[in-house]
Number of protein chains: 2
Amino acid sequence: MSTVTQRRQARTDEIVASAWQLARQHGIAAVSLRALATEVGIRQPSLYEYFDSKHSLYDAMFGQGNRQLLARLDDIELPSDPRAALKAILHAFVEFALEDPTRCELLFERHVPGFTPTDASYALAIEALDRVVTVMHRAGVTDQGDVDCLVAITAGLMQAQLTNDPGGDRWVRHLDRMIDLHLDHVHDRSVS
Amino acid sequence: MSTVTQRRQARTDEIVASAWQLARQHGIAAVSLRALATEVGIRQPSLYEYFDSKHSLYDAMFGQGNRQLLARLDDIELPSDPRAALKAILHAFVEFALEDPTRCELLFERHVPGFTPTDASYALAIEALDRVVTVMHRAGVTDQGDVDCLVAITAGLMQAQLTNDPGGDRWVRHLDRMIDLHLDHVHDRSVS
DNA sequence: GTCTATATCCAGATAGAC
DNA sequence: GTCTATCTGGATATAGAC
C-alpha cells in the first residue's frame, strides 16, 4: 500500500472515530457533518473527499462496528462443553452490546431514519449472527423456532437492560438461567 | 363542557389523528409541523393554538396511545385460570403493539430523539405495565427477577417480529410456549 | 486535498395584523 | 383563532479557486 493511500486511510479512520465520539455525545442520529468537520479540524465540504454522502459515513461506521463484533467473537475461547460454549458466546454478544449503547443503536436498533447498510456491510452482520447460530446448533438447538426464541430472549434482556438500567445487570444477570431453561426444554422435547 | 371547548377539543383530536397518519407514512420522528398543518388544512403557526411545542404534540400522541392500550386491556375478558389469564393479557399486549408499528415506535421504543413524556402521560404507561404485572402475580410470578424475564421475553419476541417480519407470526407464535416454560420453571422452583 | 462561498431546502418558533 | 411574514438556525450537498 502506497504512503498516500495509508495517509488517506488514516484520515478516514480518524473521521470515523470522531463520528463515533459525536454519536456517543448526542445520539447516533444527531451526528451532523458540520459538527464532525469541526471535530476533525477541517471544513465540512472536505469530508466529501472521504465519504460520498452521510449515508456512506454511517455505512462505514456500521461496517466497523460489525468488524469489532466479529473480532470480539474471535477472541473468546469457546469451552468444549456445548452448553457452556453457547453461554460464553451469548455473554460476549451482550457484553459487546452493553459496553457501547451508541454502537448498539446503529448496529442492532433502528435509530437512524432512512439508513440501510450496503450489502457488503450487512454481510458482516449476517456473519456474526451465523457464528452464534452455529454454536446454538452444536448445543442441540437445531429447530429454527428454538433459535428464534433464544435470539429474541437474549435481545429482549439486552434491550431492557440498555433502556432501563444501562451499566447495571438487573436484566442480563438472568441470561444464563434463561439459556439453561431453554436448552433443558429443547432437550426434554427431543427425548420424549 | 361548553360548545367552544368541545369544538376546540374536536380540533385538537383531529390534529393528533392527522399526526398519526403522517407518522405512519414517514415514521414517527419525521412528523413536521409544516406537513401536519397542510394535512389538517391550516397554516403551520396556527398549530401553536393547540400545542405549545412539537414536544407537547408528541406527548399528546403518547398519552393517547397509552389510553388506547389501557382501553384494550380493559376490553379483554380475563379467564379465571391464572395461567390462561396471563397468556390472554400478554397476547393482547403483543397484538396491540403489532397492529400499529408506528404507535409502537413512540410508546415502546426510543425513536423520537429528545422526547420524554410528561409525568402525567408516563403514569399511563406505568399503569398499563402494572396491570400486566398484577396478572403475573396472580399466576405465581412474584419474584421481580421472574417478572423482568417474562416482560423481556415478551418484548423480545414482539420486537423481533416487528423488525424482521411485521404482519407475520414467526416469532410471536412462540409466546404461549415461552410463557408455559417460564411458569413451569417458576413453579418447579417454588416446590423444591 | 482543502478551502471559500453558496445553493437548496428544511425545521421549530414568534410577532403582530385581522 | 387564523392568518401573513419573518426570525433563527440547522441540514446536506455542490462549484470552483488554490
Side-chain angles (χ1 to χ4, degrees), chain A residues 1-19 21-23 25-62 105-106 111-118, chain B residues 1-23 25-62 106 111-118:
Chain A
M1 191 156 53
S2 73
T3 306
V4 171
T5 307
Q6 280 180 347
R7 288 230 181 97
R8 190 185 167 81
Q9 185 59 47
R11 195 74 156 139
T12 305
D13 291 347
E14 186 193 351
I15 293 170
V16 171
S18 293
Q21 197 170 327
L22 283 177
Q25 285 169 20
H26 310 108
I28 186 69
V31 174
S32 80
L33 298 185
R34 293 167 171 276
L36 177 56
T38 302
E39 185 83 11
V40 178
I42 58 177
R43 302 292 175 174
Q44 177 247 334
S46 303
L47 289 172
Y48 285 83
E49 277 295 315
Y50 303 95
F51 299 98
D52 292 340
S53 65
K54 192 178 184 180
H55 181 103
S56 79
L57 167 68
Y58 277 130
D59 196 59
M61 296 170 80
F62 184 86
E105 276 189 295
L106 181 62
H111 284 196
V112 186
F115 168 65
T116 38
T118 58
Chain B
M1 191 156 51
S2 72
T3 307
V4 171
T5 308
Q6 279 178 347
R7 289 229 179 99
R8 190 187 166 80
Q9 185 60 46
R11 195 74 157 137
T12 305
D13 291 345
E14 185 193 352
I15 293 171
V16 171
S18 293
W20 279 118
Q21 197 171 327
L22 284 177
Q25 284 169 21
H26 309 108
I28 187 69
V31 174
S32 80
L33 297 185
R34 294 167 172 278
L36 178 55
T38 302
E39 185 83 11
V40 178
I42 58 178
R43 302 292 173 174
Q44 177 246 336
S46 302
L47 290 172
Y48 285 83
E49 276 295 316
Y50 302 94
F51 299 98
D52 292 339
S53 65
K54 192 178 184 181
H55 180 101
S56 79
L57 167 68
Y58 277 130
D59 195 59
M61 297 170 80
F62 183 87
L106 182 61
H111 284 196
V112 186
F115 168 66
T116 38
T118 57

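Owing to the predicted nature of the structure, the values given are computational and were not obtained by experimental measurement. All chains are named by letter (A, B, ...) in the order of the sequence lines, taking the proteins before the strands, and each is independently numbered beginning at 1.
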Would you check, one step at a time, whether the test side-chain contact (heavy atoms from CB on, under 4.5 Å) holds for B:R11 with B:R7? CA-CA 6 Å; B:R11 195 74 157 137; B:R7 289 229 179 99; over 6 Å; no
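- What separates CZ of B:F51 from C1' of C:dT14 is a distance of 19 Å, to the nearest Å.
- Contact annotation: B:R11 reaches the phosphate of D:dT2 (side-chain N/O to OP1 or OP2, under 4.0 Å).
- Using a 4.0 Å heavy-atom criterion, one finds that A:S32 contacts the sugar-phosphate atoms exclusively.
- For B:K54 and C:dC10, the NZ to P distance is 14 Å, given to the nearest whole Å.
- Protein atom CD of B:E49 is 11 Å distant from nucleotide atom P of D:dC3, rounded to whole Å.
- Taking atom CG of A:D52 as the reference point, atom C1' of D:dA13 lies 12 Å away to the nearest angstrom.
- Residues B:Y48 and B:S53 come closest through the heavy atom pair CE2-CA, 4.2 Å.
- Using a 4.0 Å heavy-atom criterion, one finds that A:V40 contacts no nucleic acid atom at all.
- Mapping A:S53 and B:R8 onto DNA chain D via the closest heavy atom, the residue that lands nearer the 5' end is B:R8.
- Note: A:Y58 and A:F115 have tilted aromatic rings, judged against thresholds of 30 and 60 degrees for the angle between ring planes.
- Comparing B:A30 and A:Y50, the nucleotide of DNA chain C nearest to each residue sits closer to the 5' end for A:Y50.
- Atom CG in A:L33 sits about 4 Å away from atom P in D:dT12, given to the nearest Å.
- Residue contacts shown for B:R34 include a base, since a base heavy atom lies under 4.0 Å away.
- Taking atom OH of B:Y48 as the reference point, atom C1' of D:dT4 lies 16 Å away to the nearest angstrom.
- Nucleotide D:dT12 holds its P atom 9 Å from the CG atom of A:L36, rounded to whole Å.
- The distance between atom CG of A:L47 and atom P of C:dT2, rounded to the nearest whole Å, is 10 Å.
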Would B:H26 and B:V31 count as a side-chain contact (heavy atoms from CB on, under 4.5 Å) here? Give the steps. CA-CA 7 Å; B:H26 309 108; B:V31 174; over 6 Å; no
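- OP1 and OP2 of C:dG1 both lie 4.0 Å or more from every side-chain N or O belonging to A:S46.
- The structure places CG of A:L47 at 12.0 Å from CG of A:D52, a figure rounded to the nearest 0.5 Å.
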